[in-house]
> 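Dumping the structure here so I can ask a few things about it.
Everything numeric in this text was worked out from a predicted model, so none of it was measured. Reminder, nothing fancy here: chain letters follow the sequence lines and each chain counts from 1.
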Amino acid sequence: MSKRILMKGNEVIAEAAVRAGCRHYFGYPITPQTEIMHYMAKRMPEVSGTILQAESEVAAINMVYGAAAAGARVMTTSSSPGISLKQEGFSYIAGAELPAVVVNIVRTGPGLGGILPAQGDYFQATKGGGHGDYRNIVLAPASIQELYEMTVEAFNLADRYRNLVLILGDGTLGQMMEPVTFRDEEPIEEVSKDWAVTGRQGREEHNQITSIYINPDIMEALNNKLQKKYREIEKNEVRSEVLQCEDAEIVIAAFGIASRICRNVIRQARAEGIKVGMIRPITLWPFPSEKIAEIASSDTVKAFLTVELNAGQMVEDVRLAVNGRKPVEFYGRMGGNLPSQKELLEKIRAIAGR
Amino acid sequence: MFLDNNINRVPITVIVGAYGSGKSEVSVNLAIAKSGSGRVYLADLDIINPFYRSADTADLLRERGIILISSIYAGTNVDVPAVPGEINRVFADQDASAVLDIGGEDLGARIVGSLKPQLEAADYQILMVVNPFRPFTDTAEKIVEAARALEAACKSKIDGFVYNPNLLEFSSSDLVDEGWATMSAAADMLNIPIRLITIMDEYAEPDWTFSQADIPVLRMERTIFYPSDDRV
């Protein structure tokens, strides 16, 4: 292990990508994630990589498509309105089965919204955004160290499944600083990319990357193949953290920065004698439904409380997983505001009947 | 008193530094330390970073009788690199002292260049905050490079360093020793003095003194918080 260094979330994403072998970055600046690009502008030349400020987010995601089709490890990053612009590209990347890493440092919306943190892009991230039947793997880190490790992992997952991996952060995670320890060597998975468009290379026919098939049966076969892959990902890649649920009467469900705030609230509630635990989805798709169902089946658990920086999005997936076994309450803040530990504690007291 | 040295002799202290070097915490704490003696201004002139800036401490500054000057856009939902016109109050008020918290990197420091006529008419010093536990200032060579870029943007020489070794909860008085070789080598290469050492009060033993050089130490209080910090 190397020594500790103090880094911003946005900086660590860029550093992690370079360490993971990403040598192509295409982006367009937008607060609160522009530091990623700023860092890349300094760092990429040191490793003979390419950083390019595209003319728009649409151009950047299509550059990602191109580089991924040629077999490169490639990344683009943006924030909410910019990610909306990239949705068509997401769908094309899904159809062409290209490995790519995209980071969304979410800001408040809808519309132009504002630069302050939010989690209002949960639906867009986990349920589509673009057209057609496709899925992105969605990772939700909650600390700067995790942001580093998950960015490296995102490149491995993307290559392993030939799939887009979306890292869903928020303005706070992007802007806050925490100490990070880097590994001496990154666990980079080498996969064969014999499908990449790299010229004939002695093959009978040249490789093709496309998402258009004019024969409906072939188009359906591609869709079936995609669905089979998504089931495989659901089987293998669900990640979550379960915190103090053994004796919990109230279980918080929260991801990313909201889960960080809840950690302290759990400690405070327990000091008052209210037994609170937490399930923190680390992958938002595939969603840890089974784990939540298992916790909901426990006799000790009386209620769930989902905490999000939105009007209630993940809470729908929590309710589906709980499946009526227990009541699922919701607490959210919007507009760039974060729930304070004090107001969350009051909500918990109310649920506990204190 | 730590400010008995010449930091306090000059009325306007301009704080520059690399991104995330601790400029805002140092600026707020310097203003607090000065606040015992006469009228003190803290000017948040960060045109780079919309989050976690010295204007966030408005309530605390008011409590301590420090006059905050900041952009009307600080802490809002827009990212407008605006310079508050009210900054001219600082230059007009000749009996007061002021700390100017400047945005990160050479981009942020351009504002110093643009204020140069007003600064030169007053008496000012430029201090660069360095945290050798941050990327891009973790070697003496990189600190030198960063200092030169800042001087070019400020159109002025840097008068001194504020040595701010910080790893948040992993900070300690040992960390001050650990980063010292890097900091002092950069200072020697540039022939710029280290004028102040800063450390969060909670991370240094009450009786701790720095043994490697005779430089004043400012024990700081935490003034800028993250939503996940351990407090309600």
> Kindly give the heavy-atom pair with the smallest separation between B/Asp229 and A/Gln341, and that separation in Å.
O-NE2, 2.6 Å
> Answer yes or no: are there more than 12 heavy-atom neighbours, outside A/Lys347 itself, under 6.0 Å from its atom NZ?
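Correct, the count exceeds 12.
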> Atom OH of residue position B/Tyr73 - does it have more than 12 heavy atoms of other residues, nucleotides or ligands inside 6.0 Å?
no
> Can you confirm whether more than 12 heavy atoms, excluding those of A/Lys42, are under 6.0 Å from its NZ atom?
yes
> Looking at A/Arg260, A/Arg43, A/His38, A/Glu15, which has the largest count of heavy-atom pairs under 4.5 Å with chain B?
A/Arg260
> Measure the spacing between CG of B/Leu167 and CD1 of A/Ile5 and express it to the nearest 0.5 Å.
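It is 8.5 Å, given to the nearest 0.5 Å.
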> Among pairs that include at least one residue of residues 175-185 of chain B, which meet salt bridge (charged side-chain N to carboxylate O under 4.0 Å, His left out), considering only residues two or more places apart or in two chains?
none
> Do you know which of A/Gly113, A/Gly171, A/Pro32, A/Gly336 has the most heavy-atom pairs under 4.5 Å to chain B?
A/Gly171
> I'd like to know whether CD of B/Glu145 has more than 12 heavy-atom contacts from other residues, nucleotides or ligands below 6.0 angstrom.
no
> Using a cut-off of 6.0 Å, state whether more than 12 heavy atoms not belonging to A/Arg4 lie near its atom CZ.
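Open: at most 12 neighbouring heavy atoms sit under 6.0 Å from CZ of A/Arg4.
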> With rounding to the nearest 0.5 angstrom, report the CD to CD distance, B/Glu169 to A/Glu178.
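Nearest 0.5 Å value for the CD-CD distance: 7.0 Å.
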> Could you walk me through whether A/Glu35 and B/Tyr19 pass side chain to side chain donor-acceptor pair (under 3.5 Å), step by step?
CA-CA 10 Å; A/Glu35 294 86 358; B/Tyr19 212 38; 2.4 Å; yes
> Spell out the residues in residues 131-139 of chain B that have some non-hydrogen atom less than 4.5 Å away from a non-hydrogen atom of chain A, in order of number; otherwise answer 'none'.
B/Asn131, B/Pro132, B/Phe133, B/Arg134, B/Pro135, B/Phe136, B/Asp138
> For atom CD of A/Glu185, decide whether the heavy atoms of other residues, nucleotides or ligands shown that lie under 6.0 angstrom number more than 12.
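No - once you tally the heavy atoms of other residues, nucleotides and ligands closer than 6.0 Å, there are 12 at most.
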> Verify, without hydrogens or angle tests, whether A/Asn264 (side chain) and B/Ser228 (backbone) share a donor-acceptor contact under 3.5 angstrom.
yes
> Under a 4.5 Å cut-off applied to non-hydrogen side-chain atoms, are B/Phe51 and A/Met176 in contact?
no
> Would you mind telling me which of A/Leu338, A/Val180, A/Thr172 has the largest number of heavy-atom pairs within less than 4.5 Å of chain B?
A/Thr172
> Quick check against the 3.5 Å criterion: does B/Tyr226 have a side-chain atom that pairs as donor or acceptor with the backbone of A/Met177?
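Here the side-chain-to-backbone pair exists.
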> Picking from A/Ile30, A/Ile115, A/Thr34, what satisfies side chain to side chain contact (heavy atoms under 4.5 Å, CB included) with B/Asp79?
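The option that passes is A/Ile115.
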> What distance separates B/Leu168 CG from A/Leu6 CG, expressed to the nearest 0.5 Å?
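If I round to the nearest 0.5 Å, the distance is 5.0 Å.
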> Check the surroundings of atom NZ in B/Lys116: do more than 12 heavy atoms from other residues, nucleotides or ligands lie under 6.0 Å from it?
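Atom NZ in B/Lys116 is crowded, with more than 12 foreign heavy atoms closer than 6.0 Å.
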> Non-hydrogen atoms of chain A under 4.5 Å away: do they reach the side chain of B/Leu175, the backbone, both or neither?
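B/Leu175 has no heavy atom closer than 4.5 Å to chain A.
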> What residue, out of A/Pro179, A/Ala258, A/Gly335, has the most heavy-atom pairs lying under 4.5 Å from chain B?
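If we count pairs closer than 4.5 Å to chain B, A/Pro179 comes out on top.
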> Can you tell which of A/Val265, A/Leu344, A/Ile257, A/Leu116 has the highest number of heavy-atom pairs within less than 4.5 Å of chain B?
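Top count of heavy-atom pairs under 4.5 Å with chain B: A/Leu116.
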> Where does A/Thr108 contact chain B at under 4.5 Å (heavy atoms): side chain, backbone, both or neither?
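Side chain of A/Thr108 only, per the 4.5 Å heavy-atom cut-off to chain B.
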> Just wondering, more than 12 heavy atoms not from B/Asp207 lying within 6.0 Å of its CG?
yes
> Do A/Lys8 and B/Asn49 come within less than 4.5 Å of each other through their side chains, counting heavy atoms only?
yes
